[in-house]
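These numbers were taken from a predicted model, which means no experiment stands behind them.
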Amino acid sequence: MKKVSSIKTIKQTYVGISLISVLLGIFLVIKPETSSNIITIIIGACFVFYGVVHIASYILIKNDSFYQYDLAKGIITASIGIFFIMKPTIIASILPMVLGIAILINGIFSMQSSFNILRNTSSNWIRVLVPAIITIVLGILIILDPFGSVKTLLIIIGCCLIWNGISNFWTHICLSKKVKESQIEIETSAEEKKN
């Protein structure tokens with residue numbers, strides 16, 4: 001029961017991360033002239049939050065897989081966030097590149113999620129793959145920065161963050177659905193064996 005409760009908490013936190021991405025994106029679209037240092041500190045706080053989620057996931061959810069890296073990802077991400085907060089001026093100069101890379105990496109993780117669905121159920125994986133590909137393309141676009149104007153770039157980054165949050169939420173919904181379907185199949189199979 002405790003494990004189920006922990007999983008539910010982690011799921012809710014990931015939804016929270018998606019919401020933060022959307023809100024940060026809206027903030028950049030509405031206030032692209034905001035100080036780069038302030039934006040950097042806000043993003044740093046988001047990284048710290050994301051890192052804490054991974055660390056909590058490692059502690060609360062027992063996973064016997066040798067390929068489970070939540071603790072390492074959590075420590076690295078939280079450390080990056082702390083660096084953002086402590087050295088905002090340094091990060092502000094490369095902020096678009098950092099955000100572009102972050103969005104690109106998130107898209108790659110979402111693509112991995114689509115392949116996980118394909119390997120386990122072979123259905124509806126394309127619903128996760130398409131948003132993942134769009135996210136990857138947007139990340140690359142920000143890294144290449146063909147816009148010329150910093151203000152325009154920040155507005156574009158804001159739009160990408162909004163998309164990133166929405167696509168993350170969509171991926172979460174699809175994965176949750178597949179997990180429930182797999183659990184039902186396992187329970188049904190167990191019942192049939194008993195009978």
Side-chain angles (χ1 to χ4, degrees), residues 9-54 57 73-74 76-78 80-81 83-85 88 91-117 124-178:
T9 301
I10 297 300
K11 285 181 178 180
Q12 289 172 344
T13 308
Y14 274 101
V15 171
I17 290 172
S18 299
L19 181 60
I20 289 172
S21 181
V22 171
L23 292 176
L24 181 58
I26 292 172
F27 177 77
L28 288 178
V29 171
I30 296 174
K31 298 281 188 180
E33 69 281 356
T34 302
S35 166
S36 296
N37 283 3
I38 293 175
I39 294 172
T40 301
I41 291 170
I42 293 172
I43 293 171
C46 293
F47 269 103
V48 171
F49 179 72
Y50 187 73
V52 170
V53 168
H54 276 292
S57 175
K73 284 192 289 186
I76 292 170
T77 307
I80 292 171
F83 184 73
F84 272 45
I85 294 170
I91 299 299
S93 62
I94 56 171
L95 185 59
M97 176 71 70
V98 171
L99 286 176
I101 292 172
I103 291 172
L104 174 61
I105 291 172
N106 187 67
I108 292 171
F109 274 109
S110 294
M111 180 179 285
Q112 174 68 64
S113 295
S114 72
F115 293 150
N116 290 344
I117 293 174
N124 296 328
W125 63 281
I126 199 73
R127 295 182 182 179
V128 178
L129 179 63
V130 172
I133 292 174
I134 294 173
T135 302
I136 290 171
V137 171
L138 292 175
I140 294 172
L141 185 65
I142 292 172
I143 292 170
L144 296 177
D145 183 16
F147 308 107
S149 164
V150 174
K151 185 175 180 179
T152 301
L153 176 60
L154 287 175
I155 292 172
I156 297 299
I157 290 174
C159 293
C160 291
L161 286 172
I162 293 170
W163 165 261
N164 186 63
I166 293 171
S167 63
N168 272 353
F169 186 67
W170 173 249
T171 300
H172 164 74
I173 290 173
C174 292
L175 288 176
S176 295
K177 183 179 179 182
K178 290 303 172 185

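Shortest non-hydrogen contact noted between Ile162 and Val29 is CD1-CG2, 4.3 Å. The shortest non-hydrogen separation linking Gly107 to Ile136 is C-CG1, 3.6 Å. For Phe47 against Gly81, the heavy-atom pair with the smallest separation is CB-CA, 3.5 Å. Closest non-hydrogen pair, Cys160 versus Leu138, comes out as SG-CB, 3.7 Å. Pairing each heavy atom of Ile41 with each of Pro88, the nearest pair is CG1-CB, 4.0 Å.
Each of Ile80, Ile43, Ile85 was scored for a side-chain contact (heavy atoms from CB on, under 4.5 Å) with Val48, with one residue passing: Ile85. Of the residues Ile157, Ile101, Ile143, Ile156, the one that meets the side-chain contact (heavy atoms from CB on, under 4.5 Å) test with Pro96 is Ile157.
The distance from the CD1 atom of Ile91 to the CD1 atom of Ile39 is 13.5 Å, given to the nearest 0.5 Å. Here the CG atom belonging to Leu144 is positioned 8.0 Å from the CE atom belonging to Met97, to the nearest 0.5 angstrom.
Ile30 pairs by the side-chain contact (heavy atoms from CB on, under 4.5 Å) definition with Ile26, not counting sequence neighbours.
A donor-acceptor pair is defined here as one N or O able to donate and one able to accept, closer than 3.5 Å; such a pair exists between the side chain of Ser167 and the backbone of Asn164. A distance-only check finds a donor-acceptor pair linking the side chain of Ser21 to the backbone of Leu161 [under 3.5 Å].
Residues Ile42 and Phe27 form a side-chain contact, since some pair of their non-hydrogen atoms from C-beta on lies under 4.5 Å apart.
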